[in-house]
Structure formats: structure tokens, C-alpha cells
Participant: 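Questions regarding the structure given below will be posed in turn.
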There are 2 protein chains.
Amino acid sequence: MSQHRHPGASDRAGAVPALPDLPEATVARLPEYLRALHNLADAGHETVSSEGLAGAAGVNSAKLRKDLSHLGSYGTRGVGYDVALLVDQIEFVLGLTQRRAVALVGVGNLGHALAGYDGFASRGFRIAALFDADASRVGEMISGLAVRHIDELPRVAAEEAISIGVIATPAPAAQAVAEQLVAAGVTSILNFAPCVLSVPDGVDVRKVDLAIELQILSFHEHRKASLTALPAAGGSALTALPGGLVTPDTQEAIGT
Amino acid sequence: MSQHRHPGASDRAGAVPALPDLPEATVARLPEYLRALHNLADAGHETVSSEGLAGAAGVNSAKLRKDLSHLGSYGTRGVGYDVALLVDQIEFVLGLTQRRAVALVGVGNLGHALAGYDGFASRGFRIAALFDADASRVGEMISGLAVRHIDELPRVAAEEAISIGVIATPAPAAQAVAEQLVAAGVTSILNFAPCVLSVPDGVDVRKVDLAIELQILSFHEHRKASLTALPAAGGSALTALPGGLVTPDTQEAIGT
DNA sequence: ACATGTGAATTGCTTCACAGCA
DNA sequence: TGCTGTGAAGCAATTCACATGT
């Protein structure tokens, strides 16, 4: 097992630490590697090179090797990585050796879809309970689970050993829900509501905001449009577009 | 230092010579600032300090000031930023002065929810068309739009001036859909399918993978659990965590 | 011969601390 | 007396290039 430096000061280790503390950027990519590895395994590959895995995961190979080196992982020089072994390693590090129970709060439009999303089940999670504040929704069956009232959260969280909370409520309700989750012992939250949550130290929040993703793309569209028309001010640069299609954006460029 | 603007020239959207090319990290935060600013405006604030806005957006104030400085933005020393002006600035930079038309491909579980998500409509986008490859779904009405067959994409994309494509199909279909979108002239794609897309240069892809978000949280849960053995100071609020999730092999002396 | 693992160089992002202005 | 805008310092992540091991 490889030995590597410990960035923090206080970690004194004589024995092998169970969990190296990985750079956040690496952690965010491990799930991607894991998915690619499962695909490779399904396709019958037993080993894969950094080049090959990097391609399948959409990153470059140097980055992949560095990421894996943080796990102290086992590759074989001249050969590559053992797919099955690497799957186990990554699943262990990500804490996926147990199937984590997830509570979903808010069964509106989006919550409904999330409750039925099989990607959760197939990748290490179990939606263990659904909650809503709206009494008229309580009791409704969604994907085989009955919607419960949010007040039952503390009891159910304990019973089901809830590990992660997902918030899919409207924004105004999200902060209160977050607090209820924290009070029920949940220390990891995935927030789909478009708002900032404030939570105590030690609680992790990740946010997914669908409109923000579109807005980021919008920026790039805007920029591409302004670059397509600006340079070489003589001729229209529309021909630069592959496929020869004129995007509607070109009309908005250059206000000068 | 690159682009500077004349501090005296007042302008409205459209008068800026070219788009400054912002750091990606900044671009990703602008939508967050924008949302916070809208909230502030609704609450009646006319100006806001970097501190105040940073708080509302969940970032620190130095970062916010640097981000805004990249836009060449107008704040007033000793006072703060004019909320309405800043909203205009950011909306312009993000290309939100026009309401962009979005095509959504795949009206399964998740696609259905996205089609009905009002966060898109309220934040600068218009879902202009729904597509699916499944003939039995074509014609179905969702949120006032009829589902069309994917083969109609080229025609509809042109008619509706589609700016952004959203892929909500199963993973195996996603690459083909991406190619169809690109062929139809779409240069920005938001991908919800758990797979890597390969697209030509000049096409932007952003990915949202719900299971990956949970897996990242899982990592942190795992790490927190492995540290639960030691700290004497502070928090005991999570003693409610049942199931004994502490990994056995983490006995490790850290500090004291 | 070939592909991993890793120091070193580089790039990009964040944070600090304060000059400059209202 | 504020609070913005920004050089400069500090960190983190990426990329390079090659020594290392099989």
C-alpha cells in the first residue's frame, strides 16, 4: 500500500489510515470513474489502462492517474488497472459498501420524478421514505412508498437509519426542512430548492439548481454568438458554424 | 488586466463592446448572485453591500467583489451596489436579455418533471418543444405542449430558434440524441443521462448526474463516520445516528 | 517495451489586506 | 467613516515529463 503525504498537520499515522483525505476535485470525479468501470466490467474487460479509463470517463489520463494515486490504488505498470479491484476500492472509499438510506422531502413535480428515479437504486442508494408538509398528499403511494407527513421525520429517520436527506420542496420551505433534517440527525443534504441553506458545521450540503445550469450554458451561448459575429468584421462569420446552420443568436451580437 | 470599461459611460444592456471573458468559476456563481439580487429587489432593497449580497448568495465577500470586478461592474465605495443595475448587468452578461428557447428530449420520469418545472420559465427560459423517440408517447400533452417525435427536431429547432437542448433520455440513447441536437444547430446541451457525451468543438455540455451527487455526499458521510470515534469537544447532536455506522477499521489516533 | 506513479512546473482560484474614493 | 476594487500572497488543481517497476 502506498504511502503519501498528509496535507493536514494533525494526522499522525503509524498504521494505514482507513480513509485518505482526498482533494474535493478528486472526490467529485470518483463516481464518474466508478460508472465507467461498471460499464467496462459489463463489457467484459478485466483490466484497463489509465488512457482507456480516462477516455471512458471523459477526463485526461494524467488527471486520472493522480486521482487514483490518492487512493493508494493498485495499478500494474506495463499493464493497467484491474477493473474489479478498482471498483471495490472506489466503492469502499465512497462509502458505498453499505446501501445508504435516503429520505426525500417534497413530492411535488420534481420530487415525484426523483422518487421514481432508478438511478438511485442502481447506484448504491435506497429511497427509504417520502415526506411532504401538505396533508392532502400524505398517504399517496409513489413508486411503492407511502408519503408521510414531515412531522414523522424524526421517528422514521431513526427507524430507517436515514443517511442522506434530499430536499425537493419549493424554496421558501427549504430552510425549515433542512433544520428538521438536521434535528433528526441527518448530516448530508442534497438540495434541489433554489436557495442557500444554512446549516451547522459538520453538515454537508450539495446543491443542484437546474435553472443555474441553463444560465451557465446561456452565458456560453451568448459569448459564442458575440464571437461568431465580431472577429473579421468584414464578412459574416456564420459560415464558421459546422453544419452551416445559422443560429438565431447571431442577431444579438455586437451592440457597438 | 485585460478589458476595462470607461467608468463614466453609463449604458444599458447592449452597449458593452464585447463580453469580457470571465473565469469559469465566476460564471458559475453569477446565477447565484442574480437569484439573491432578485430576492433583495423583491424585499425592497435598492442597494446592497458586498457583504450583504455575499451572505445572501452563500459566498464570502472578497470573492464576490472580485467576481463583480470582472464584469467591470459599478459599485459605489462607501455605499454598495445598486441592486437593479447589477441585475441588468448580470442578466446581460449571462445572455438572459432574450428569453432562450429550450428543447427537452426524453419525456420519461425525469423529463416529465423537467417539462413542468416552473423554475425554468421564471428564470429566463422557455421550454419550446418536447421530443421523444417512443412513438407511443408522441402526441401526449405535457404542461400544455405536445410531445413530438425526435425526427422533427431539425425543423422545430429552426422554427422555434432553439438555443439549448436538454437530454433526459436513458443513457444508451443520449449520445445519439446529442448528435441529433448538434446536427440541428444546437451548441449548448444540458445532459441528465449518466454517461459521457462526445461532441464537436464549440459545443458546450454540462452534466447533471443525480446519483453522483449522492455518491459525493456518501463519501463525506463515510468520512465523518470514520472520525466519529474521537472528538471529545462539541457536537453530540448526531448521537441519534442509529445503525452503528462507524467503520471498525478506523481506530486511529488523531491529535489527542 | 510499456504504462503507472509522482516530483516539479504551471495554471487557475481564493483570500488577504489595503489603497482609493464617496 | 464606510465600502469597493485590486495587487499580491497563498492554495488547490491540473498538466508535464520521466523515473520506476513489471
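We use all heavy atoms of the structure for the numbers below, so side chains are in, but hydrogens, waters and symmetry mates are not. Given the structure is predicted, the values throughout are model-derived calculations rather than measurements. A, B, ... follow the sequence lines: proteins, then strands. Residue 1 opens every chain.
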Participant: What is the distance, rounded to the nearest whole Å, between atom CZ of B/Arg77 and atom P of D/dT4?
Facilitator: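 It works out to 10 Å between those atoms.
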Participant: For the pair made of CG in A/Asp67 and C1' in C/dG5, what is the distance, rounded to whole Å?
Facilitator: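 From A/Asp67 CG to C/dG5 C1': 13 Å.
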Participant: Reckon B/Tyr81 has a side-chain N or O less than 4.0 Å from the OP1 or OP2 of C/dA22?
Facilitator: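 It does not, given that no N or O in the side chain of B/Tyr81 lies less than 4.0 Å from OP1 or OP2 of C/dA22.
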Participant: Determine, stepwise, if the pair A/Glu32 / A/Arg29 fulfils salt bridge (charged side-chain N to carboxylate O under 4.0 Å, His left out).
Facilitator: CA-CA 5 Å; A/Glu32 199 69 62; A/Arg29 281 187 296 264; over 6 Å; no
Participant: Please determine, for the side chain of B/Ala62, which listed nucleotide (C/dT15, D/dT22, D/dA13) has the closest atom?
Facilitator: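 Closest nucleotide to the B/Ala62 side chain: C/dT15.
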Participant: Is a donor-acceptor pair below 3.5 Å formed from side chain B/Arg65 to base D/dT4, judging by atom type as modelled?
Facilitator: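 Side chain to base: no pair present.
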Participant: Name the closest nucleotide to the A/Ser69 side chain, picking from C/dC13, C/dT4, C/dG5.
Facilitator: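 Within the option list, the nearest is C/dG5.
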Participant: Using the closest heavy atom to pick a nucleotide of DNA chain D for each, name whichever of A/Glu24 or A/Thr76 lands nearer the 5' end.
Facilitator: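 Taking each residue's closest nucleotide, the earlier one in sequence belongs to A/Glu24.
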Participant: Of the listed nucleotides (D/dA13, C/dT15, C/dA3), which one gets closest to any side-chain atom of B/Lys63?
Facilitator: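 Nearest to the side chain of B/Lys63 among the choices is C/dT15.
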Participant: Nearest 0.5 Å, please: how far is CG in A/Leu181 from CD1 in A/Ile189?
Facilitator: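 Atom-to-atom, A/Ile189:CD1 and A/Leu181:CG are 5.0 Å apart.
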Participant: Would you mind reading off the distance between A/Leu85 atom CG and C/dT4 atom P, rounded to a whole angstrom?
Facilitator: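 About 14 Å, once rounded to whole Å.
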Participant: Apply side-chain contact (heavy atoms from CB on, under 4.5 Å) to residues B/Val87 and B/Glu91 and explain how you reach the verdict.
Facilitator: CA-CA 6 Å; B/Val87 165; B/Glu91 288 188 342; 3.8 Å; yes
Participant: Using whole Å, report how far OH of A/Tyr74 lies from P of C/dG5.
Facilitator: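 These atoms are roughly 11 Å apart.
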Participant: Answer yes or no: does a side-chain N or O of B/Ser50 lie under 4.0 Å from OP1 or OP2 of D/dC3?
Facilitator: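 For B/Ser50, the contact criterion (side-chain N or O under 4.0 Å from OP1 or OP2 of D/dC3) is not met.
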Participant: Tell me the interatomic distance from A/Asn60, atom CG, to C/dT11, atom C1', rounded to whole angstroms.
Facilitator: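 Rounded to the whole Å, the gap is 14 Å.
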Participant: Give the C-alpha distance, both sets of side-chain angles, the deciding distance and a yes or no for side-chain contact (heavy atoms from CB on, under 4.5 Å) between A/Asp209 and A/Phe192.
Facilitator: CA-CA 6 Å; A/Asp209 186 321; A/Phe192 285 89; over 6 Å; no
Participant: Distance check needed: D/dC3 P versus B/Asp82 CG, whole Å only.
Facilitator: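 Computing the B/Asp82:CG to D/dC3:P distance gives 16 Å.
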Participant: Could you check A/Lys66 against A/Gly78 and say which one's nearest nucleotide on DNA chain C is further toward the 5' end?
Facilitator: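 Its nearest nucleotide lies further toward 5', so the answer is A/Gly78.
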Participant: Nearest whole angstrom, please: distance from the P of D/dA13 to the CG of A/Asp21.
Facilitator: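 For the pair A/Asp21 CG and D/dA13 P, the rounded distance is 11 Å.
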Participant: May I have the distance from B/His70 (atom NE2) to C/dG12 (atom P), rounded to whole angstrom?
Facilitator: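 After rounding, the reported distance stands at 12 Å.
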Participant: Heavy-atom distance under 4.5 Å between the side chains of B/Ser188 and B/Val203, does that happen here?
Facilitator: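 Answer no - side chains too far apart.
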Participant: 5'-most contact on DNA chain D: B/Ser49 or A/Val79, nearest heavy atom basis?
Facilitator: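 Whichever sits nearer the 5' end wins; that is B/Ser49.
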Participant: For B/Glu51, answer base if it contacts any base atom (sugar-phosphate contacts may also be present), sugar-phosphate if it contacts only those atoms, and nothing otherwise; contact means non-hydrogen atoms under 4.0 Å.
Facilitator: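 Contact class for B/Glu51: none.
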